[in-house]
Amino acid sequence: GDSVTQMEGPVTLSEEAFLTINCTYTATGYPSLFWYVQYPGEGLQLLLKATKADDKGSNKGFEATYRKETTSFHLEKGSVQVSDSAVYFCALKMKTSYDKVIFGPGTSLSVIP
Amino acid sequence: EPEVTQTPSHQVTQMGQEVILRCVPISNHLYFYWYRQILGQKVEFLVSFYNNEISEKSEIFDDQFSVERPDGSNFTLKIRSTKLEDSAMYFCASSPAADTQYFGPGTRLTVL
């Protein structure tokens, strides 16, 4: 079935370091891809999305490019801040009307000053 | 900006009791969902709901679970007889169409 794999971490970085969180997916069709973020004690927030190949989603300095040839959607940020400490979930959703979101296991990021 | 809201934020119950988790989706959305996240594990799909009926449900969503949209704004998840393994964070989500789902802050259910 459809699935998402991502590096599980935890990842610990110093402030202003470069961040990459790898995400790959398996899907029978052409899904939309998402990154959700969960800050400590809070719910899931949509961070960015891409709906077709070569689309780049971006928000709050984070970027991810939909790579169909490598079935990947890696999350990057050039300079992380302490406030970026959270769990990041890569996810996919097929484009039929009521299909579920399928989440990866999440990657915990800690940014230290 | 409109948000999905959920109440209560934390529910503690005894095993075997019934619980109702409540959600208010974003007002113009048409598709509604419940997910759960057992502590430290993946977020798992439970059920989707459209046009006043269940569209899809997972194997987790057995006869102990039910969903309802009792009025034009609320969307509820009922667990009839809670088990210890139902302890989890439950997320409601809604979407306007066949794409992005917006999640609420979650209800943490603790079954003792």
Side-chain angles (χ1 to χ4, degrees), chain A residues 1-10 23-27 29-52 55 57-60 64 66 73 86-108, chain B residues 1-10 21 23-26 29-61 67 88-108:
Chain A
D2 300 339
S3 66
V4 176
T5 303
Q6 61 180 108
M7 53 191 286
E8 294 198 26
C23 170
T24 56
Y25 68 90
T26 302
Y30 299 105
S32 296
L33 301 174
F34 306 85
W35 278 98
Y36 285 87
V37 58
Q38 186 176 33
Y39 296 103
E42 298 187 16
L44 295 163
Q45 297 179 26
L46 177 67
L47 181 59
L48 54 83
K49 71 175 188 179
T51 58
K52 61 183 189 297
D55 265 4
S58 61
N59 186 25
K60 299 181 183 178
Y66 191 142
F73 193 55
V87 180
Y88 292 82
F89 293 91
C90 186
L92 69 82
K93 182 185 175 302
M94 303 311 290
K95 294 187 178 74
T96 50
S97 57
Y98 48 76
D99 252 329
K100 56 187 174 286
V101 175
I102 296 171
F103 288 87
T107 300
S108 174
Chain B
E1 187 173 330
E3 293 180 335
V4 176
T5 59
Q6 291 184 243
T7 54
S9 57
H10 191 190
L21 309 183
C23 168
V24 179
I26 295 172
H29 286 189
L30 302 175
Y31 301 86
F32 314 111
Y33 311 83
W34 284 100
Y35 294 78
R36 79 171 185 191
Q37 183 184 29
I38 294 172
L39 187 64
Q41 297 186 24
K42 221 183 253 199
V43 179
E44 302 172 290
F45 168 77
L46 292 178
V47 65
S48 59
F49 190 87
Y50 170 70
N51 201 24
N52 283 321
E53 59 184 27
I54 291 173
S55 310
E56 185 181 357
K57 59 183 181 180
S58 72
E59 60 275 8
I60 302 168
F61 194 89
V67 289
M89 181 75 90
Y90 288 81
F91 292 106
C92 173
S94 69
S95 69
D99 193 25
T100 307
Q101 294 179 16
Y102 296 88
F103 286 76
T107 292
R108 181 167 299 285

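Numbers restart at 1 for each chain; the letters A, B, ... are given by sequence-line order, proteins then strands.
Looking at B/Phe32, there are no atoms closer than 4.5 Å to chain A (heavy atoms on both sides), in backbone or side chain. At a 4.5 Å heavy-atom cutoff, the contact between A/Leu46 and chain B is made by side-chain atoms alone. Neither the backbone nor the side chain of B/Gln6 comes within contact range of chain A, judged by heavy atoms closer than 4.5 Å. Interface remark: A/Thr51 contributes side-chain atoms only to the contact with chain B (heavy atom separation under 4.5 Å). Residue contact with chain B, scored on non-hydrogen atoms closer than 4.5 Å, is absent for A/Gln45.
Rounding to the nearest 0.5 Å places CZ of A/Phe103 at 8.5 Å from CZ of B/Phe91. With rounding to the nearest 0.5 angstrom, the NZ atom of A/Lys100 is 12.0 Å from the CD atom of B/Glu44. A distance of 10.5 Å separates CD of B/Gln101 from OG of A/Ser32, quoted to the nearest 0.5 Å.
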Could you walk me through whether B/Phe103 and A/Phe34 pass the ring-ring contact (aromatic ring centres under 6.0 Å, His included) check? CA-CA 13 Å; B/Phe103 286 76; A/Phe34 306 85; 9.4 Å; no
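In this structure, A/Tyr30 places its OH atom where only 12 or fewer heavy-atom neighbours from other residues, nucleotides or ligands lie under 6.0 Å away. A/Glu42 CD: more than 12 foreign heavy atoms inside a 6.0 Å radius.
Summarising the geometry of A/Val4 relative to B/Lys42, their closest heavy-atom pair is O-NZ, 4.4 Å, with the distance given to 0.1 Å.
Between A/Leu44 and B/Tyr35 the shortest side-chain heavy-atom distance does not fall below 4.5 Å.
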